[in-house]
Amino acid sequence: MAQLSDDCFAFGGALTPLDDALAVLEERISVVAEVETVTLRDALGRILAEDIRAGRSVPPHDNSAVDGYAVRFAELDPDGETRLPAIGRIAAGDAPDLADPAARGAVRIFTGAVMPAGFDTVMMQEDCREDGDTVRIAPGIKRGANRRFAGEDVEEGAVILSAGQRLRPQDLGLAASVGLSDLPVRTRLRTALFSTGNELREPGAEAAAGAVYDANRFALAGLLEQLGCAVSDLGILPDDRATITGALAAAGTGHDLVLTSGGVSVGEEDHVRAAVESLGQIHFWRLAIKPGRPVALGQIGRTPFVGLPGNPVAVMVTFLRFARPLIDRLSGARVHVPRLFPVRAGFDHRKKANRREWVRATLEPCNDGWTAHKFARQGAGILSSMTAASGLVELPEDATDIRAGMTVDFLPFSELGT
Ligand code: AMP
Ligand code: MG
């Protein structure tokens with residue numbers, strides 16, 4: 001049967017391409033989160049508010065990389081064993097204390113201990129033998145071996161962490177290594193989260209025929225919390241315009257972002273868009289994507305609003321590709337552009353032109369890398385496809401006919417922080 005209307009103009013409005021929607025965010029959305037100082041132990045996952053410079057070099061002094069003997073390379077016989085008097089001992093944490101720094105000899109030294117002045121090389125203890133007051137040293141070492149230089153990790157004054165990055169465990173370790181005990185971070189974005197739908201029930205409650213348990217709020221709260229947001233979980237709203245309007249109006253104050261799922265499409269029971277329009281504005285509400293076409297960007301007063309679709313897979317995909325960049329911008333985080341990796345398609349797939357599409361897939365090694373296998377059930381409501389898959393094959397707007405063996409872009413869930 002012929003289609004009655006071109007997809008782009010169905011329901012009387014054009015579909016917004018994802019890149020245009022992202023460009024609207026870039027143009028209109030700026031950081032709202034403020035700056036606070038937290039201790040390193042509280043900084044994991046937080047967004048750094050300022051560039052951080054090292055107030056000290058790491059390591060702060062030249063030191064030994066092994067347990068052994070510090071020597072002057074020039075005193076070693078290149079062709080045979082060298083015997084040097086044992087002239088001192090330095091352990092990690094000791095200040096070097098040689099009776100006569102000019103004296104010929106070998107200094108017992110341990111990993112991390114400060115190199116004595118004038119000594120340039122450390123022999124591993126396995127290559128030396130103590131013989132009374134002398135140390136016998138095998139030939140063959142290179143000048144400078146096993147010596148670590150002051151500042152070879154971090155130079156004093158260098159920028160070690162930059163504004164907008166989400167702090168990872170290794171970032172906290174690096175900050176600690178230059179002696180910082182706390183960091184300036186962005187305040188947590190205050191997000192309000194609702195599900196909408198008369199059919200929805202709270203998990204744990206009775207669910208009669210016709211009811212489904214609310215899955216989206218739990219997935220979304222997790223996604224928001226992974227991004228460091230503070231989540232006000234405001235429960236389930238019925239499909240009732242007045243109730244939705246009242247609840248959204250209340251959530252618009254005291255939050256930096258209001259997020260809903262469901263009720264944003266064109267059905268008679270979809271009241272979310274009209275409610276937002278009555279409280280502010282809708283900028284667009286349909287994206288040229290699959291899954292997840294109904295995605296609304298709007299504002300309640302001056303507070304940004306995102307209405308995600310109801311279908312649970314569409315919710316997660318649109319969150320990751322659209323809501324996340326919005327949240328990054330509001331939070332003062334560097335906008336995360338997910339990296340796509342080329343893999344072989346292990347499936348045939350036809351799609352419409354002019355829309356971005358994501359196929360849930362698992363990866364399997366093949367002789368030239370990885371093959372992506374399409375999860376059998378791709379419906380926008382098949383949430384088990386998200387738990388079974390390892391990521392999404394992202395198909396661009398102009399692709400229509402994907403054949404097994406073609407190279408396609410794979411977006412691992414690890415790139416999306418899930
Ligand atoms: P809607 O966009 O409100 O028409 O919802 C589309 C589909 O998603 C319907 O089958 C809803 O029952 C389902 N749905 C909406 N919200 C949720 C939710 N929070 N949890 C699980 N399924 C939902
Ligand atoms: Mg609904």
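This structure is a prediction, so every number in the text was calculated from the model and none was measured. Atoms within each ligand, like the ligands themselves, are counted from 1 in listed order.
Using a 4.0 Å cut-off to heavy atoms of Y213, the atoms of ligand 1 that qualify are 20 (N), 21 (C). Under a 4.0 Å criterion applied to the non-hydrogen atoms of N216, ligand 1 contributes the atoms 16 (N), 17 (C), 18 (C), 19 (N), 20 (N), 23 (C). The distance from ligand 1 to the heavy atoms of G262 drops below 4.0 Å at these ligand atoms: 2 (O), 3 (O). The distance from ligand 1 to the heavy atoms of D214 drops below 4.0 Å at these ligand atoms: 18 (C), 19 (N), 20 (N). The contact set between ligand 1 and N311, taken as ligand atoms under 4.0 Å from a residue heavy atom, comprises 6 (C), 7 (C), 8 (O). Atom numbering of ligand 1 starts at 1 in the shown order; those under 4.0 Å from a heavy atom of E199 are 11 (C), 12 (O). Numbered from 1 in the order shown, with element, the atoms of ligand 1 that lie under 4.0 Å from a heavy atom of S195 read 19 (N).
Ring centers of F284 and F322: under 6.0 Å apart, within the cut-off.
Between A215 and ligand 1, at least one pair of N/O atoms sits closer than 3.5 Å. Considering both main-chain and side-chain atoms, G310 comes within under 3.5 Å of ligand 1 through a nitrogen or oxygen pair.
Between E357 and K351 no salt bridge is recorded (no basic side-chain N to carboxylate O distance below 4.0 Å). A salt bridge links D120 to R143: at least one charged side-chain nitrogen sits closer than 4.0 Å to a carboxylate oxygen. In summary, R344 and D368 engage in a salt bridge, as defined by a charged side-chain N under 4.0 Å from a carboxylate O.
Side-chain atoms of Q378 and H349 form no donor-acceptor pair, as typed in the model, at a separation below 3.5 Å.
Residues L257 and T303 fail the side-chain proximity criterion, which asks for heavy atoms closer than 4.5 Å.
Annotation for K290: atom NZ does not count as buried by contact number, only 12 or fewer foreign heavy atoms lying within 6.0 Å.
In terms of protein heavy-atom proximity, atom 4 (O) of ligand 1 is nearest to D270 OD1, 4.0 Å. Among protein heavy atoms, atom 22 (N) of ligand 1 sits closest to P312 CG, 3.8 Å.
Judged as a salt bridge (charged side-chain N to carboxylate O under 4.0 Å, His left out), the pairs with a partner in residues 45-66 (not counting sequence neighbours) are, in order, E36-R46, D62-R147. The salt bridge (charged side-chain N to carboxylate O under 4.0 Å, His left out) pairs that include a residue from residues 19-29 are D19-R356, where partners are two or more places apart or lie in different chains.
When heavy-atom distances to ligand 1 are checked against a 4.0 Å cut-off, L200 comes that close only through its side chain, counted from C-beta outward.
Residue contacts with ligand 1 include G263, since one or more of its heavy atoms lies under 4.0 Å from the ligand.
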